[in-house]
Amino acid sequence: MTVIPASGERVHALLADGTTVCVRPARPDDREAVLGLYSAMSDANLRLRFFAVSRRSAEQAAARVAQPEGAGYRALVAERGGRIIGIAEYQTGCGEASDSAEISLAVGDGRHHRGVGTLLLEHLVSAARAHGIRTFAADALAENHEVLKVFADLGLRTERRFEGPEVHCVIPLDDTEEYRSSVERRGQAADVASLVPLLRPGSVAVVGAGRRPGSVGRAVLHNLSTGRFTGPLYAVDPAARPVLGVRAYPAVSALPRIPDLAVIAVSAEHVAQVAGECGRFGVRALLVVSSGLDAHQSGALLTACREHDMRLVGPHCLGVANTEERVRLDATFAAAHPAPGSAGVAVQSGGVGIALLGGLERLGIGVSSFVSLGDKYDVSGNDLLQWWETDGRTDLALLHLESFGNPRAFSRTARRVTRRMPILTVDAGRTEAGRRAAASHTAAAATTTMTRRALFAQAGITATRTIPELLQTAALLHSQPLPAAGRVVVVTNASGAGVLTADACAEAGLNLPPLPPGLVDDLLTVLPPGASTTNPVDATAAVSEEQLRGCVDRLAARDGVDAVLVALVPTAVAAATGDVLVRALTRAPARRSRTIAAVLLDQDVPVRLLAADNGQVPAYADPQAAARALAHAAERARRLARPPGTVPALDGVDTSRGRAVVDRFLRRHPDGAWLDPRTCAELLDCYGIPQSPWAWVETEDEAVWAADRLKGPDGHVVLKASWPGLAHKTARHAIHLDLRGDAQVRAAFRDFDVRFGHIMTGAVVQPLAPRGIELFAGVVQDEVFGPLVLFGLGGTAAEVLADHAARPAPLTDQDVHDLITAPRCAPLLSGRDGTGPVDLHGLEQFLLRLSRMAGDLPQLAEADFDPVLARPEHVTALDARIRLLPRRAHDPYLRRLR
């Protein structure tokens, strides 16, 4: 999908050094500013731009910005501090092919090597694609190494042809994975650079520290001071008297140096004013803990940040912290300093943040950095994932997000980061009440449970239902190797505890395989008499520390065992009292290669990490908690074991024709509508989506003729009434099945005419489909998440059973496999009901083509394919409904700040 910059649209984005620039379409009144850009260039740079030191050429180039947009000309400018510092432009109809445009690029002196030109070209590429341009052409002097390098490093294939002192470059604008990855790498570097003043500030000022005990600003200042922040610390207070021993100044502009980070803790009506003062003084990052801003105040705050090149956390947040020894930043008003460690934490709720900080400290994991995002006007979870990926300290990421600004960019980042470290989240807002609370708290639109879970699944994020479950899973992922799969052996000293633990594992989707005879014999040599070596292994109350250790060691060394879960209870037997048996888990000559966890039913805390000779062992008070943590770990291992997904190439797709079908329909229906059957079929044909043969009829005689032509070997056909907006044909009795012979077809059409003649526009005749599995496939365009592909059981039971799964488009080969295997009906597709497997390749192709159509056409508001008939020889849509709405497309991967 591509973005179409509208006249006057302003997009802020980050340059390579982390500073902010505004990218916008050039306007006719920019002529003098563009001329000023060229006039300030050195003769050497003017020659590289115009092939000669020509002020006349500069005047002509500046005059071009006054051209009307429809003349095949488009220009984007980069603006900073109210001044144009760069311009990129294209012009069609310059001797190249009709879908080609000639481009030029200029960046002001002193602004080179900061990524201005590259950023402009990225946005120009996106705009050109949206207008049907498929190739850029550019001429440059062979000595202009800088611009040639910009072209070469874009990530797009560049063809060069040397013509004397000049180089002619042709750049196909294919939307390839290589190009997206290049844009992503540049974005990550810029993002991380922009966060340095926020998370590694050299100096901090607290504005609104106040002298009143109990104020938020005073609490933040207290934590910064007692946390031993390593840089200069200032307070800003009108009285200019020291606060908590920190020297105070009457205004930001009175500070002896420009702070990297300013913490704003003033009343809502003064936040934007203070932000503006900070920006004019040169502050690079703001942390706004103030709350209660109205829409006008919020807009003014964000405008100040964009105009003055400041990253923003908040407002309405708990603060930020970085436990690096060289920083020791605690700019929060939490009751205690965060313990240093290796978990990165980002939350929208301050209360959740406090709970996570406390839980991680109790586990001994601690945090590398902590950010309370609050209302999340700017810095987001996506930013933090990129920071943790490169900070050299974080090996575990914990998120609590109630809303998503750019879910598709977030998913792409998370898919990359989660291959390096686990990302865990709490699936907040699962209920209608929870979603209402999230919306009121964050001013964010509510999102459905299915959509959010689809995003987490696609991104490889481990989603838990509660904060305790998140901490329990974090304890296991932090301390133990991942299980290769879900095969668990339960060991216990009490049969009842073993049964409870085995039940919990089975309910969590784990497998408790029987032990092979050789392993059984081996275990019996170390366990006390009377032990049972089925799974669970009952070591009996008489087991000693040495016997239990020997049992666990043997299990942990065997293939076919992925994890060992040891459930222990204290008994009166001397060998099993106190922590004696626990030592069997923590004392080992070497780190065990399998996942080891304990269930200690008498434990007084939900989870703790036991110090072991070679690491740590998680211990749980509840078997279900241990089993859920193991299941999450097994699922993560499964995802990591397979290669990253790729979006397969599809043959027989005519995107241009599909867009033309959509444009033609929306010209007739400017407010959008459901497609009529003929237009629907034409659109599906553009994407190679298989449909059952059909004919459109408007009279009784036409229906008879079509039935005779389309009838199958048994002579039976189906007649479906049609009118705009018809949704459930079966419920409306707008379908006649199993019609045979002219008389039955005529009678069916007359029935429709009597009941629906006032609204019916025609009918569809199809051959009666053979028996097969009825499935459902569909697309919905979510306002926040973009296109979502749904799949599951179809037919009349679809809505009752709601057996559907979903994944955001575009689908990769891995996504489509997950989509097909996720619903409960999945075993039917592989032939477990005795009918033989359906055409799984055809089903994958069907969903991939549906995904491609949804990605190409943002106007596709929703599509329903129900039923989709799956048989061993083919997969076919028997019924399709598509609704279009007039929508502009936006490129989710284009670099831009929120």
Side-chain angles (χ1 to χ4, degrees), residues 450 454 648 650 652-653 674-675 677 680-694 710 712 718 720 722 726-731 734-735 737 764-780 787-807 809 811 815-833 835-854 860 862-883:
M450 175 178 283
L650 300 174
V653 171
W674 289 95
L675 297 186
C680 184
E682 183 182 5
L683 185 59
L684 298 185
D685 186 61
C686 296
Y687 287 89
I689 296 175
Q691 310 163 67
S692 174
W694 66 281
L710 292 174
V718 175
K720 304 175 181 178
S722 178
L726 173 59
H728 302 288
K729 295 182 178 68
T730 301
I735 180 171
L737 303 170
V764 172
V765 179
Q766 290 177 296
L768 183 66
R771 299 181 67 86
I773 299 175
E774 292 189 356
L775 302 171
F776 165 83
V779 169
V780 61
L788 192 74
V789 180
L790 290 84
F791 170 75
L793 188 66
T796 56
E799 293 189 14
V800 176
L801 298 178
D803 185 20
H804 297 152
R807 288 292 184 275
L811 297 181
D815 290 332
V816 77
H817 174 268
D818 291 344
L819 195 56
I820 290 173
T821 56
R824 296 187 298 276
C825 69
L828 299 176
L829 306 179
S830 57
R832 294 188 189 177
D833 61 346
T835 60
V838 305
D839 179 11
L840 292 175
H841 175 73
L843 183 56
E844 290 176 353
Q845 282 287 307
F846 190 100
L847 294 172
L848 287 169
R849 291 173 185 278
L850 186 56
S851 167
R852 173 68 180 272
M853 183 171 67
L860 196 159
E862 57 182 306
D864 292 334
F865 296 80
D866 188 13
V868 174
L869 184 69
R871 290 177 51 80
E873 60 274 12
H874 60 74
V875 172
T876 307
L878 301 185
D879 202 7
R881 300 173 66 246
I882 294 176
R883 184 166 66 96

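Values below: every heavy atom of this structure, side chains too, minus hydrogens, waters and symmetry copies. We're numbering straight along the sequence, starting at 1.
Atoms CZ and CZ, from Phe791 and Phe846 in turn, are 10.0 Å apart once rounded to the nearest 0.5 Å. Separation of atoms NE2 (His874) and OG (Ser692) is listed at 8.5 Å; rounding is to 0.5 Å. Atom OG1 in Thr730 sits 9.0 Å away from atom NZ in Lys720 (nearest 0.5 Å). Interatomic distance, Leu860 CG to Leu850 CG, rounded to the nearest 0.5 Å: 8.0 Å.
Looking at Asp879 and Lys729, a side-chain N of the basic residue comes within less than 4.0 Å of a carboxylate O on the acidic one, giving a salt bridge.
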Practice prompt. Could you walk me through whether Leu683 and Asp685 pass side chain to side chain contact (heavy atoms under 4.5 Å, CB included), step by step?
Written response: CA-CA 5 Å; Leu683 185 59; Asp685 186 61; over 6 Å; no

Item to complete: Please test Asp866 against Leu775 for side chain to side chain contact (heavy atoms under 4.5 Å, CB included), starting from the C-alpha separation and ending with a verdict.
Response: CA-CA 7 Å; Asp866 188 13; Leu775 302 171; over 6 Å; no

Fill in: Pair Ile773-Leu869, side chain to side chain contact (heavy atoms under 4.5 Å, CB included): steps then yes or no
CA-CA 6 Å; Ile773 299 175; Leu869 184 69; over 6 Å; no

Worksheet entry | Chi angles and distances behind the side chain to side chain contact (heavy atoms under 4.5 Å, CB included) call for Met853, Ile689 | CA-CA 10 Å; Met853 183 171 67; Ile689 296 175; 4.0 Å; yes

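Nearest heavy-atom pair, Ala863 versus Ile882, reported as atom, atom and distance to 0.1 Å: CB-CG1, 3.9 Å. When all heavy atoms are compared, the tightest approach of Trp694 to Ala681 is CZ2-CB, 3.2 Å. Across all non-hydrogen atoms, the minimal contact from Leu684 to Gln691 is CB-NE2, 3.5 Å. Of all heavy-atom pairs spanning Glu873 and Asp839, the tightest one is O-OD2, 3.9 Å. Heavy-atom minimum distance, Cys680 versus Leu675: CA-CD1, 3.8 Å. Counting all heavy atoms, side chain and backbone alike, Ala454 lies closest to Ala806 at CB-O, 3.1 Å.
Although no hydrogens or angles enter the test, the distance criterion places no donor-acceptor pair under 3.5 Å between the side chain of Arg881 and the main chain of Asp864. With hydrogens and angles disregarded, a donor-acceptor distance shorter than 3.5 Å links the side chain of Arg871 to the backbone of Arg771. Although no hydrogens or angles enter the test, the distance criterion places a donor-acceptor pair under 3.5 Å between the side chain of Gln766 and the main chain of Leu878. Although no hydrogens or angles enter the test, the distance criterion places a donor-acceptor pair under 3.5 Å between the side chain of Ser851 and the main chain of Leu811.
Side-chain atoms of Arg849 and Val653, non-hydrogen and from C-beta on, do get closer than 4.5 Å to each other. Side-chain contact between Leu819 and Val789: present, with at least one pair of heavy atoms (C-beta onward) separated by less than 4.5 Å. Residues Val718 and Ile735 have side chains in contact (heavy-atom distance under 4.5 Å, counting atoms from C-beta outward). The shortest distance between side-chain heavy atoms of Pro693 and Pro767 falls below 4.5 Å.
The only member of Leu843, Val838, Leu847 that meets side chain to side chain contact (heavy atoms under 4.5 Å, CB included) when paired with Val875 is Leu843.
Aromatic rings from Phe776 and His804 are positioned such that their centres are separated by under 6.0 Å.
Evaluation of the side-chain hydrogen bond (donor to acceptor under 3.5 Å, both in side chains) rule for His817 yields no partner, not counting sequence neighbours.
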